[in-house]
Amino acid sequence: MGMDTAERVALVARHTEEVVTEEELRGLLEETEEPTAYIGYAPTGEMHIGHFTTMRKLADFVEAGLDVTVLVADLHAHLDDEKSPLELLDARSEYYRIAIEGMVEAAGADPDAVTFTRGTDYQLEEPYTLELYRLLADTTISRAQRAGSEVVRQSENPKLGGLVYTLMQSLDVATLEADIAYGGIDQRGIYMLAREMLPDHGFGKPLCVFAPLLSGLSGGKQSSSDRSSGVFLTDDTETVEEKIDGAYCPAGEVADNGVLEYLQRLVFPILGVRDEPFVVERPEEYGGDLTYESYEPLEADFVSGDLHPADLKPAAAAAIDEVIGPVRDRLLDRPDLLARAYPESRD
RNA sequence: CCGCCCUUAGCUCAGACUGGUAGAGCAGUCGACUGUAGAUCGACUUGUCCCCCGUUCAAAUCGGGGAGGGCGGACCA
């Protein structure tokens with residue numbers, strides 16, 4: 001590919017919350033033919049649209065020539081307050097893999113360009129375990145707690161698992177030989193710990209790319225334990241419409257506006273890949289239909305009041321529904337898998 | 001190994017001493033008002049009171065046993 005370093009840097013860094021550091025990224029892409037990037041997902045609850053927006057970036061990585069690995073961190077799913085019982089790790093790992101492949105494909109990349117690995121593939125082996133013990137011996141409780149405070153479930157009586165979690169995730173970066181650790185900005189604490197600890201243990205210092213997190217539809221943060229806080233990949237069309245219709249969306253306001261964020265971070269990037277516009281159908285009495293090629297003009301119209309939430313919402317719901325459609329079809333095609341992965345919550 | 005405390009609505013908890021099959025706040029649902037949602041009013045829903053046995057006309061409440069969770073002590077060749 002004829003992409004120069006500046007273009008690759010821009011591609012890797014676009015639509016991110018933070019890159020640590022940009023200088024290191026430039027250096028890496030200059031010196032390394034095919035740098036490696038990894039992202040880990042703990043297979044806990046059902047996947048939602050927030051996962052999708054984070055995942056979409058993998059298409060940029062692939063296009064920029066990175067070697068991308070997705071870790072399905074099954075042991076982490078158990079270590080974090082037993083969110084997933086050990087018996088369900090196989091089923092949930094498979095569900096996550098299929099969902100992730102679907103999202104990567106929907107984002108316009110070839111799922112085969114992404115390497116999948118599972119935590120249990122290597123985290124129980126001796127070299128990893130021994131190195132983990134070294135890290136455990138070398139890390140204070142408060143340091144590990146602080147690193148994981150945005151990721152691991154917090155409680156009045158925290159378990160040791162949540163502390164080991166952060167060290168394992170740090171060690172994963174080294175074990176998977178990732179030049180770049182990628183994740184949501186909530187992962188920042190853990191990867192800063194990794195940057196601090198790994199060099200002391202003879203490993204390289206990873207650079208980090210962080211994706212922004214989506215607001216929930218009710219204004220707060222999106223939560224996978226609250227089904228109404230966001231759109232899930234298995235939500236049907238009617239549910240998507242209801243959720244978007246019920247979303248917090250004050251006219252003219254961008255802050256904490258989940259509908260706008262979904263459009264900016266998910267819908268437009270994917271429409272962009274397909275070279276399709278976003279169309280708002282609007283009654284003549286309010287000015288007729290609108291067409292947007294990119295997010296910025298839409299936000300401008302929204303802020304100025306030219307685009308009313310009541311017109312935006314149905315259009316957004318339709319677009320979101322269409323975007324998740326292929327992933328949903330893949331998942332609903334495997335009702336057995338969903339039933340095994342989530343035996344309690346499925347009908 | 002010993003002792004003490006906790007377990008009630010989705011969440012945080014009151015009620016237990018002085019037995020009469022349960023309440024508040026938040027959340028949620030539904031209306032009103034907005035060309036959406038929210039905010040604000042108005043209305044409404046929610047329970048194996050951790051489990052088992054016993055006392056009693058009657059047990060969330062009293063007694064015994066058990067489970068889960070928390071705290072402390074003891075042991076330390």
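Since the model is a prediction, treat every value here as computed from it, not as a measurement. Chain identifiers are assigned alphabetically (A, B, ...) following the order of the sequence lines, protein sequences preceding nucleic acid strands; residue numbering begins at 1 within each chain.
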Give a yes or no on whether [X] atom [atom1] has more than 12 heavy-atom contacts from other residues, nucleotides or ligands under 6.0 Å away.
X: A/L136; atom1: CG; value: yes
X: A/E33; atom1: CD; value: no
X: A/I141; atom1: CD1; value: no

Can you measure [X] atom [atom1] to [N] atom [atom2] for me and round it to whole angstrom units?
X: A/H308; N: B/A37; atom1: NE2; atom2: C1'; answer: 10 Å
X: A/E242; N: B/G28; atom1: CD; atom2: C1'; answer: 15 Å
X: A/I244; N: B/U36; atom1: CD1; atom2: P; answer: 17 Å
X: A/E156; N: B/G69; atom1: CD; atom2: P; answer: 15 Å
X: A/D256; N: B/G38; atom1: CG; atom2: P; answer: 15 Å
X: A/K243; N: B/U29; atom1: NZ; atom2: P; answer: 12 Å
X: A/E281; N: B/G35; atom1: CD; atom2: C1'; answer: 17 Å
X: A/D245; N: B/C30; atom1: CG; atom2: P; answer: 11 Å

Just name whichever nucleotide pairs with [N], Watson-Crick or G-U, keeping both distances under 3.5 Å, else none.
N: B/A37; answer: none
N: B/A9; answer: none
N: B/C1; answer: B/G73
N: B/C30; answer: B/G42
N: B/U18; answer: none
N: B/C62; answer: B/G54

[M] and [N], which share atom name [atom1], separated by this distance in whole Å:
N: B/C33; M: B/U40; atom1: C1'; result: 9 Å
N: B/A67; M: B/A74; atom1: P; result: 25 Å
N: B/A22; M: B/G47; atom1: P; result: 11 Å
N: B/U61; M: B/G20; atom1: C1'; result: 11 Å
N: B/G19; M: B/C57; atom1: C1'; result: 12 Å
N: B/U34; M: B/G38; atom1: P; result: 15 Å
N: B/G10; M: B/U46; atom1: P; result: 11 Å
N: B/G15; M: B/C6; atom1: C1'; result: 16 Å

Nearest to side-chain heavy atoms of [X], which nucleotide of [options]:
X: A/D311; options: B/G38, B/G35, B/U36; answer: B/G35
X: A/Y248; options: B/U36, B/G35, B/A37; answer: B/A37
X: A/N157; options: B/A37, B/G70, B/G35; answer: B/G70

If we only count heavy atoms from C-beta on, is the A/E46 to A/L338 side-chain gap below 4.5 Å?
-> yes
Evaluate side chain to side chain contact (heavy atoms under 4.5 Å, CB included) for A/Y262 paired with A/T53, printing each intermediate quantity in order.
-> CA-CA 8 Å; A/Y262 280 22; A/T53 56; over 6 Å; no
Out of curiosity, does A/F116 fall in the hydrophobic cluster containing A/F61 (side-chain heavy atoms, cut-off under 4.5 Å, transitive links)?
-> yes
